[in-house]
Undergrad: 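Handing you this structure, nothing more for now.
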Amino acid sequence: MENMFPAFFTESINRQYGMETVAQILSGMQQPRCTSLRANPLRASIDDIAAMLTEARLAYERLPWYDAAFLLPAGSEAVLHSQPLYESGGFYMQSLSAMLPPLVLAPQSGADILDMAAAPGGKTAQMAAMTANKANITAVEVNAIRADRLRHNLQKQGVTRVNVMVRDGRKLEDFFRFDQILLDAPCSGSGTMLASDPTGIRAFSEKLVRNSAALQVQLLRKALSLLKKGGTLVYSTCSILEVENEAVVRSALKGTSAQLEPIELPGIEDLPRLPVMLDDTLCVRPTERYEGFFIARIRKP
Ligand code: SAM
């Protein structure tokens with residue numbers, strides 16, 4: 001199979017997964033990826049979205065693990081972007097894998113929730129929708145321009161009760177305490193690379209992996225310190241490399257009483273998975289439907 005991915009990437013996955021799994025990963029990255037969207041109940045019903053897709057003659061599939069998820073053929077973006085319901089925030093373009101971390105966190109109404117690396121806000125808005133705007137969400141983003149985009153997306157999707165803070169998550173004040181935390185960490189994006197997207201491939205580098213891993217450990221340690229006793233944290237990346245995933249979790253949990261919890265979600269057994277190096281974590285294998293993604297659910301006793 002022709003391989004146009006950076007040598008550092010293929011060497012890393014060869015070491016981590018072995019030849020057979022690597023062939024599956026590379027095959028998943030060669031295919032055009034399906035389009036997917038998340039219906040936003042704050043602006044439209046699931047029936048409204050289904051009717052819109054039928055009207056636009058877009059074939060779709062529903063997923064067993066999430067009512068709001070719709071899977072469409074690759075290349076459906078242009079038609080979707082021209083729909084009035086897109087402009088009014090009735091749905092949001094989000095990869096299937098990116099819908100998983102909020103589902104695994106299971107945000108609760110009335111809870112104080114931190115979204116520690118939030119822009120452009122797909123998961124912030126999803127958590128607000130899952131709680132019908134009844135959680136108190138703090139959305140932190142270090143990049144001011146991306147924070148503007150986050151505010152715009154939240155407003156468009158009818159999200160209220162979110163406090164956007166332009167801040168380095170590592171420098172959040174120590175007096176904050178949260179019931180639930182999502183750390184959807186900045187990463188190398190190794191799980192999202194596609195053979196058809198040279199820009200994405202060029203953005204990946206060994207240095208980016210190294211820098212991301214160092215930042216991820218710092219962010220996760222800080223997140224754990226801000227989590228209330230009895231609280232839950234979800235750490236996720238769109239990378240499939242151990243150094244940004246299992247190794248980060250292992251390192252941040254060292255010397256703390258926090259523990260990994262099994263990830264349970266009805267229908268989740270349908271996901272394509274990669275072997276993991278840390279029990280109870282989940283790594284989604286890149287396929288034509290899914291981006292590569294890593295998720296860990298952590299509880300502070
Ligand atoms: N959760 C987002 C979503 O679902 O739309 C995607 C988050 S993206 C993977 C990571 C984000 O973290 C980027 O917007 C990046 O600018 C931001 N970031 C990077 N370093 C950060 C830091 N030290 N503190 C807070 N945010 C940071």
Side-chain angles (χ1 to χ4, degrees), residues 36-38 40 66 68-69 89 91-105 107 113-131 135 137-157 159 162-174 176 178 180-193 200 203-204 207-226 233-241 244-245 248 252 283-284 290-296:
S36 54
L37 65 83
R38 175 177 56 77
N40 173 26
Y66 193 26
F91 65 91
Y92 185 79
M93 308 299 297
Q94 193 167 337
S95 80
L96 293 182
S97 300
M99 298 179 200
L100 289 167
L103 294 175
V104 172
L105 185 65
I113 300 178
L114 171 65
D115 188 349
M116 199 176 187
K123 298 178 192 72
T124 321
Q126 186 182 347
M127 292 194 288
M130 288 171 72
T131 54
I137 302 177
T138 301
V140 173
E141 169 57 49
V142 74
N143 180 308
I145 294 168
R146 289 178 64 86
D148 279 346
R149 190 77 212 156
L150 166 66
R151 285 192 196 93
H152 168 85
N153 283 336
L154 296 179
Q155 195 267 338
K156 180 170 164 180
Q157 290 179 66
V159 172
V162 172
N163 176 29
V164 174
M165 288 174 76
V166 183
R167 191 75 63 88
D168 184 328
R170 294 171 294 181
K171 298 193 177 139
L172 283 168
E173 287 80 354
D174 286 323
F176 283 123
F178 298 93
Q180 297 184 288
I181 298 180
L182 174 63
L183 172 54
D184 184 41
C187 73
S188 68
S190 70
T192 64
M193 283 193 287
F204 177 90
K207 187 173 172 210
L208 179 61
V209 172
R210 221 180 316 118
N211 290 347
S212 299
L215 175 58
Q216 288 155 354
V217 173
Q218 292 168 0
L219 283 167
L220 184 51
R221 285 205 180 118
K222 180 71 188 192
L224 285 168
S225 77
L226 300 177
L233 183 156
V234 165
Y235 172 76
S236 58
T237 72
C238 54
S239 177
I240 57 171
L241 301 180
E244 296 182 80
N245 296 336
V248 169
C283 197
V284 179
Y290 290 91
E291 288 178 340
F293 224 86
F294 175 83
I295 306 178

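Being a predicted model, the structure only gives us computed values, none of them experimental. No hydrogens, no waters, no symmetry mates; every other heavy atom, side chains included, goes into these values. Residues: numbered from 1 along the sequence shown. Remember, it's 1-based here, ligands and their atoms both numbered in the order they're listed.
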Undergrad: Is there a side-chain contact between Arg149 and Glu141 in this structure, where contact means two heavy atoms from C-beta onward sitting under 4.5 Å apart?
TA: no

Undergrad: What atoms of ligand 1 come within less than 4.0 Å of a heavy atom belonging to Met116?
TA: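 Atoms satisfying the 4.0 Å criterion: 25 (C), 26 (N).
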
Undergrad: Among protein heavy atoms, which lies nearest atom 8 (S) of ligand 1, and at what distance?
TA: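 For atom 8 (S) of ligand 1, the nearest protein heavy atom comes out as Ala119 O, 3.8 Å.
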
Undergrad: Evaluating non-hydrogen atoms only, which member of Gln94, Glu141, Arg170 is closest to atom 15 (C) of ligand 1?
TA: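 Heavy atom nearest to atom 15 (C) of ligand 1 belongs to Glu141.
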
Undergrad: Where is the nearest protein heavy atom to atom 21 (C) of ligand 1: which residue, which atom, and how far?
TA: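 Looking only at protein heavy atoms, the one closest to atom 21 (C) of ligand 1 is Val142 CG1, 3.5 Å.
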
Undergrad: Tell me: protein heavy atom nearest atom 1 (N) of ligand 1, and distance?
TA: Asp184 OD2, 2.8 Å

Undergrad: What I'd like to find out is whether the side chain of Tyr235 reaches to under 4.5 Å of the side chain of Gln216, using heavy atoms alone.
TA: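 The answer is yes, as the side chains (C-beta and beyond) meet within the 4.5 Å cut-off.
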
Undergrad: Are Ser188 and Glu244 close enough that a side-chain donor and a side-chain acceptor fall under 3.5 Å?
TA: yes

Undergrad: Would you mind listing which atoms of ligand 1 come within a distance below 4.0 Å of any non-hydrogen atom of Ala118?
TA: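 Here the atoms of ligand 1 in question are 1 (N), 2 (C), 3 (C), 5 (O).
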
Undergrad: Does the pair Glu173/Arg167 count as a salt bridge with the N-to-O cut at 4.0 Å?
TA: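 Yes, Glu173 and Arg167 are salt-bridged.
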
Undergrad: Could you tell me if the side chain of Ser36 sits less than 4.5 Å from the side chain of Gln94, heavy atoms only?
TA: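 No, too far: nothing below the 4.5 Å cut-off.
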
Undergrad: Looking at Gly121, which atoms of ligand 1 are within less than 4.0 Å of one of its heavy atoms?
TA: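 Checking each atom against Gly121, I get 3 (C), 5 (O).
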
Undergrad: Could you point out which residue of Thr138, Val162, Thr124, Leu150 forms a side-chain contact (heavy atoms from CB on, under 4.5 Å) with Asp115?
TA: Thr124

Undergrad: Are any of the side-chain heavy atoms of Leu219 and Val248 separated by less than 4.5 Å?
TA: no

Undergrad: Have a look at Arg146, Lys222, Met127 and point out the one with the heavy atom closest to atom 13 (C) of ligand 1.
TA: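 The option holding the nearest heavy atom is Arg146.
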
Undergrad: Name the residue from Leu100, Leu103, Val284 that meets the side-chain contact (heavy atoms from CB on, under 4.5 Å) definition with Ile295.
TA: Leu100

Undergrad: Are Lys222 and Asp174 packed together at the side-chain level, in the sense that at least one heavy-atom pair is separated by less than 4.5 angstrom?
TA: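 Result yes, sub-4.5 Å side-chain heavy-atom pair found.
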
Undergrad: Quick test of your reading of the structure: of Gly189, Ala117, Ala98, whose heavy atom lies closest to atom 7 (C) of ligand 1?
TA: Ala117

Undergrad: Side chains of Ser236 and Asp184: donor-acceptor distance under 3.5 Å anywhere?
TA: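 Yes, side-chain donor-acceptor contact under 3.5 Å.
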
Undergrad: What's the shortest distance from atom 23 (N) of ligand 1 to any protein heavy atom, and which residue and atom give it?
TA: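 Of every protein heavy atom, Asp168 OD1, 2.9 Å lies nearest to atom 23 (N) of ligand 1.
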
Undergrad: I'd like to check whether Ala185 has a polar contact with ligand 1, where a contact means an N/O of the residue lying under 3.5 Å from an N/O of the ligand.
TA: no

Undergrad: Taking the non-hydrogen atoms of Gln218, is any one of them nearer than 4.0 angstrom to ligand 1?
TA: no

Undergrad: Among all protein heavy atoms, pick out the one at the shortest distance from atom 24 (N) of ligand 1; state its residue, atom name and that distance to 0.1 Å.
TA: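 Result for atom 24 (N) of ligand 1: Gly169 N, 2.8 Å.
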
Undergrad: Which ligand 1 atoms are under 4.0 Å away from a heavy-atom of Arg167?
TA: 24 (N), 25 (C)

Undergrad: Here's a test for you: under side-chain contact (heavy atoms from CB on, under 4.5 Å), which of Asn153, Asp148, Leu154 qualifies with Arg151?
TA: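 Among the candidates, only Asp148 passes.
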
Undergrad: I want to know if ligand 1 touches Lys123 in the polar sense, i.e. an N/O pair below 3.5 angstrom.
TA: yes

Undergrad: Enumerate the atoms of ligand 1 whose separation from the nearest heavy atom of Pro120 is less than 4.0 angstrom.
TA: 5 (O)

Undergrad: Could you identify the single nearest non-hydrogen protein atom to atom 19 (C) of ligand 1 and state the distance to 0.1 Å?
TA: Pro186 CG, 3.5 Å

